[in-house]
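Contents: one structure, followed by commentary.
Atoms considered below: every heavy atom in the structure, side chains included; atoms not considered: hydrogens, waters and symmetry mates.
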Amino acid sequence: MKASIITRQKAIHMKKSFIFLCLAFIIHIDVWGQYTDVSIERANSLSSMADFYSTAHNYTKAIELEKQSLEIKKQLFGSRSTEYAVTASSLAGYYYLSGDYNNAVKYEEESISIYTELEGKDNVEYPELLSVLVEYHHKNGTYQKMIEYQKEITDIYAKLYGKDTQHYALSLAVLSNIYSEIGDYSNAIEAAEKGVTVYRQSNETKELNYMLVLNNLADLYYARGFLKGEDKSRSIKMKEEVLSIAAGLYGKDNIEYAKWLSNYALYYLNANGNDNKVQKYVREVKEIYEKEKDRKNSDCSGLLGNLSNCLSFIGDNKSAINYSMELLKQLDENDLSYSSCLVDIAKYYANMKDYSKASDCISLSLQSIRKMINSCNDDQDIYRQYLYWNATNLFDKLVNYVSKNPNDSTVSILYDEAINTKPLRIKKGVGKWYTWKDVSSHLESNEIAIEFINCTSIEDSTINIYALLLKNNQN
């Protein structure tokens, strides 16, 4: 009952706010619906309305109104003024919330360029503005721009605060994460090691930020060496230190500690295999999660993913599927993590010899990736290639699962009609990129290429081509 009263009161308040804003807006419009003045009051009214519509998740209307306000600010103050820059930044935010990351980047970059003209770059606000732009480029998939801006942020923090401060160390950590996302582990590890060194030299080794930076470095060693040799011993030691810090920060019966324990359990499992220790860790994680999972303020997606993988590894695929299904409900269908979760579920079904359900999960994962590919902008080349690379792996899995379940006609038909991948080993050589003509000349008569990417073999630096094809059954 109390919740319903609060909800009604909030609705009444929003209705009153809406009426007030409408009245403030209407006084600047004549009876024919035409704007009667160009004033700062009208511009502010438009921005207030835009903010209201944004709060109501009507981003299309918010963008429309904020663009009108921006035009008035341009007429009143010019297109290189503080007033114009602030409104352009607000408009960028609305585009970001609407999912139009290309325009979000466009208007935020314009806003920041005006700011630097007026205020310069040697101040604490400029790197904070750049951080917003880095996030917009991250959503836009333009990684080279992210690297460029994050390097600039790091250099500014070094100049403003010094290279022995948390500002500098955390900026290095962000830069490391960006490099890691595009598979540049050499630069990622270099940046992460610098950040860890800063914390250790300042004796700030019991803090959350140090724990995050250290964990990131351990993950990078794993990605580079796959827990072999020196990278294995260093990464395991770091993970143990991370878990010890988490226990000190949260206590061992807290859901936040369980997240780090699940991460360590999966790491330990990959390094040492299944034994009594890892089974103990998994039991502890399950007990804490089941006791604490109703706490809505805690994101448990990482814990659920780690726990599912551990359970599958020790043979409990049924429980792995159940926890992964919980995770799937929490993920955004337009994010690669959603597709990856479906791939994990498919693996668990395949472990149980249920190849029909495994194939269904892979098919859903492919649908998700196709949507993301279709929504890519022209300047998202790296992200698009990354998505296609994921797609090629998924097709391989689909072929594998279908071949083990030939009686499933629905899945077989889906595969026959689906986009396929074909690896083409055309020529050897480093740094040579190929054209449509090169790809087309290596296709069969019943194949149509709709996209291709260039991939470099790690072993011998050979250029390979992966073409995404449609079977042309009419020929």
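- Between the side chains of Tyr136 and Asn103, no donor-acceptor pair is found at a separation under 3.5 Å.
- Residues Asp335 and Ser337 bring a donor and an acceptor atom of their side chains to less than 3.5 Å of each other.
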Gln201 vs Asp164, side chain to side chain donor-acceptor pair (under 3.5 Å): CA-CA, chis, key distance, verdict: CA-CA 8 Å; Gln201 289 177 345; Asp164 57 349; over 6 Å; no

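- Of the charged side-chain nitrogens involved, at least one lies within less than 4.0 Å of a carboxylate oxygen, so that Lys280 and Glu284 count as a salt-bridged pair.
- Residues Glu109 and Tyr149 bring a donor and an acceptor atom of their side chains to less than 3.5 Å of each other.
- Comment: Glu152 does not engage Lys145 in a salt bridge, judged by the lack of any side-chain N to carboxylate O separation of less than 4.0 angstrom.
- Side-chain contact between Asp253 and Lys291: present, with at least one pair of heavy atoms (C-beta onward) separated by less than 4.5 Å.
- Between Lys237 and Glu240, no side-chain nitrogen of the basic residue sits less than 4.0 Å from a carboxylate oxygen of the acidic one, so the salt-bridge criterion is not met.
- Remark: side-chain polar atoms of Ser368 are paired, donor with acceptor, to backbone N or O of Glu333 under 3.5 angstrom.
- At a cut-off of 3.5 Å, with distance as the only test, a side-chain donor of Thr87 or Lys73 sits close to an acceptor on the other residue.
- Arg200 is listed as a side-chain neighbour of Thr205, based on a closest heavy-atom distance under 4.5 Å.
- Within the 4.5 Å cutoff, the side chain of Val174 has no heavy atoms near those of the Thr154 side chain.
- Side-chain contact between Glu193 and Tyr221 is present, with heavy atoms from C-beta onward closer than 4.5 Å.
- In this structure, Lys239 satisfies the cation-pi test against Tyr267, with its NZ or CZ atom closer than 6.0 Å to the six-membered ring centre and inside 45 degrees of the ring normal.
- Ring centroids of Tyr53 and Tyr59 are separated by 6.0 Å or more, keeping the two rings apart.
- Within the 4.5 Å cutoff, the side chain of Glu241 has no heavy atoms near those of the Met211 side chain.
- Here the side chains of Tyr157 and Ile153 are in contact, with some heavy-atom distance below 4.5 Å.
- In this structure, Tyr168 has its ring center at least 6.0 angstrom away from the ring center of Tyr161.
- Aromatic rings from Tyr101 and Tyr96 are positioned such that their centres are separated by under 6.0 Å.
- Contact of the Met238 side chain with the Asn215 side chain is not registered, since no non-hydrogen atoms from C-beta on lie closer than 4.5 Å.
- Between the side chains of Glu190 and Tyr179, no donor-acceptor pair is found at a separation under 3.5 Å.
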